[in-house]
Amino acid sequence: MNFSKTLINWYSVNKRILPWRETTNPYCIWLSEIILQQTQVKQGLPYYEAFLGKFPSVFHLANADEAQVLKLWQGLGYYSRARNLHAAAKFIVNDLKGEFPNNYKDLLKLKGVGDYTASAISSICFNEVAAVVDGNVYRALSRYFGIDTPINSSKGAKEFKLLAQELIDAKQPAEFNQAIMEFGAMQCKPKNPDCSSCPFKDSCVALQKNIVSELPVKIKSAKAKKKYFNFLVFISDDKKTVLEKRTGKGIWQNLYQFPLIETKREANFETLLELAKKQDLLKSVNFELTLYNKDTLVHKLSHQHLYTKFWIVKINTNLEKGILIDDIENYAVPILIGNFIEKFEF
DNA sequence: AACACGGGGCA
DNA sequence: TGCCCAGTGTT
């Protein structure tokens, strides 16, 4: 049996039952693919259900506010996905009369849809012969063919895309694409794959050469940078606090946080007090500043390690531009802030 | 080509 | 700890 036949046969026996496998509705497939970018099925599944529940069609999504979309996306990370998803929905409704793009080339014009996602949607929904290359495909192909070109190099991207495009079954592109991804996720796993039960155990180059654990090759990424975050958690007499919207570049764009003072190193009480005054964050004469977490909280992102302190600022006056503490749950916040709110007794 | 962008899970 | 995850957009 050839590669494609063996693969699809394996898939027919081993595939998981997942909600987006029960439909070819492009809106549903699109939503699932965006959610699953750099995200494991287990983590993305509840978000998929929640989004379809709240926004059953592209029209519902387009009519929502971005804040609503971000709130529903809260905790999933890579928030540009949510912003782009919403912008693309509005584009489809307003500029394309609600008609979903039905081919690779036009799908690519949607914000947040790159080569992978355009290939996935066009193949799954419209039977276009467009091979997907995601992390699973890189791993499966690099091992089966014994290819050591770094997968995160432009050379590797081209090489693997071309190979996948040669292998794809032109008669059933949707099955092939989903099969190879599922194979990578369930059988040809990153660590400790069960090669003894693999349908390719007799032809896999990496297995013959005993280099399965060395593939795929990936160029190392830079180490995470340390940052020092100090959040000011205001509590006023009139049961208010202050949240600010993050604008501009960087992490958590358009999400909310407590007023932030970033320092070069861990701040002590005096330093923090001085900086807060200098930045005009403490106008009230009567306030009481206390450190909430004695042990600095370390929140780890892919490229940043955030050493975080929450400073409680009690003021015995009213907060003009604050928000009611009871309304805090309506704002989309990073999980770092969300965890604090959950734990802290206002 | 290199980097930024989250958060969870696993060995 | 380090690596991985149904990647994309920016510089």
Student: Which residues in residues 124-142 of chain A have a heavy atom closer than 4.0 Å to any atom of DNA chain C?
Tutor: Asp134(A), Gly135(A), Asn136(A), Arg139(A)
Student: Reading DNA chain B from 5' onward, which residue's closest nucleotide shows up sooner: Ser153(A) or Leu255(A)?
Tutor: Ser153(A)
Student: Under the side-chain contact (heavy atoms from CB on, under 4.5 Å) rule, collect the residues that match up with Lys158(A), sequence neighbours excluded.
Tutor: none
Student: Restricting to ring-ring contact (aromatic ring centres under 6.0 Å, His included), what partner residues turn up for Tyr116(A), sequence neighbours left out?
Tutor: none
Student: State, to 0.1 Å, how close Arg21(A) and Arg16(A) come at their nearest heavy-atom pair, and which atoms those are.
Tutor: NH1-O, 2.8 Å
Student: Please check if the distance between the ring centroids of Phe340(A) and Phe258(A) is under 6.0 Å.
Tutor: yes
Student: Which parts of residues 18-30 of chain A get close to DNA chain B, meaning a heavy atom less than 4.0 angstrom away?
Tutor: none
Student: Taking only residues two or more places apart in sequence, or in another chain, which ones meet Val93(A) in a side-chain contact (heavy atoms from CB on, under 4.5 Å)?
Tutor: Val58(A), Phe59(A), Ala62(A)
Student: Nearest 0.5 Å, what's the NE2-CD1 distance between His299(A) and Ile337(A)?
Tutor: 9.0 Å
Student: Using side-chain hydrogen bond (donor to acceptor under 3.5 Å, both in side chains) as the criterion, list what pairs up with Lys309(A), not counting sequence neighbours.
Tutor: Glu266(A)
Student: Strictly under 3.5 Å: I want the nitrogen or oxygen pairs between protein and nucleotides 9-11 of chain B, one per line.
Tutor:
none

Student: Reading DNA chain C in the 5' to 3' direction, which nucleotide is the first one with an atom under 4.0 Å from a heavy atom of chain A, and which is the last?
Tutor: dG2(C) to dT11(C)
Student: In this structure, which one of Ile323(A), Val313(A), Ile235(A) forms a side chain to side chain contact (heavy atoms under 4.5 Å, CB included) with Thr241(A)?
Tutor: Ile323(A)
Student: For residues 177-218 of chain A, which residue pairs qualify under ring pair (Phe, Tyr, Trp, His ring centres under 6.0 Å), counting only residues two or more places apart or in two chains?
Tutor: Phe3(A)-Phe200(A), Trp10(A)-Phe183(A), Tyr144(A)-Phe200(A), Phe183(A)-Phe200(A)
Student: Hey, is the side chain of His299(A) poking within less than 4.0 Å of OP1 or OP2 on dG7(B), counting only N and O atoms?
Tutor: yes
Student: Where along residues 67-74 of chain A does a heavy atom fall under 4.0 Å from DNA chain B?
Tutor: none
Student: Could you identify which residues of residues 155-170 of chain A place a heavy atom less than 4.0 Å from some atom of DNA chain B, listed by residue number, or say none?
Tutor: none
Student: In residues 329-343 of chain A, which ones come under 4.0 Å of DNA chain B, going by heavy atoms?
Tutor: Pro334(A), Ile335(A)
Student: Quick one: on DNA chain C, does Ala185(A) or Lys111(A) contact a more 5' nucleotide (nearest heavy atom)?
Tutor: Ala185(A)
Student: What verdict does the side chain to side chain donor-acceptor pair (under 3.5 Å) test give for Asp65(A) and Gln68(A), after you've listed the backbone C-alpha separation in whole Å, the side-chain angles of each residue and the deciding distance to 0.1 Å?
Tutor: CA-CA 5 Å; Asp65(A) 294 326; Gln68(A) 252 186 302; over 6 Å; no
Student: Pick the closest DNA chain B nucleotide for Tyr79(A) and for Asn152(A) by heavy atoms, then say which residue is nearer the 5' end.
Tutor: Asn152(A)
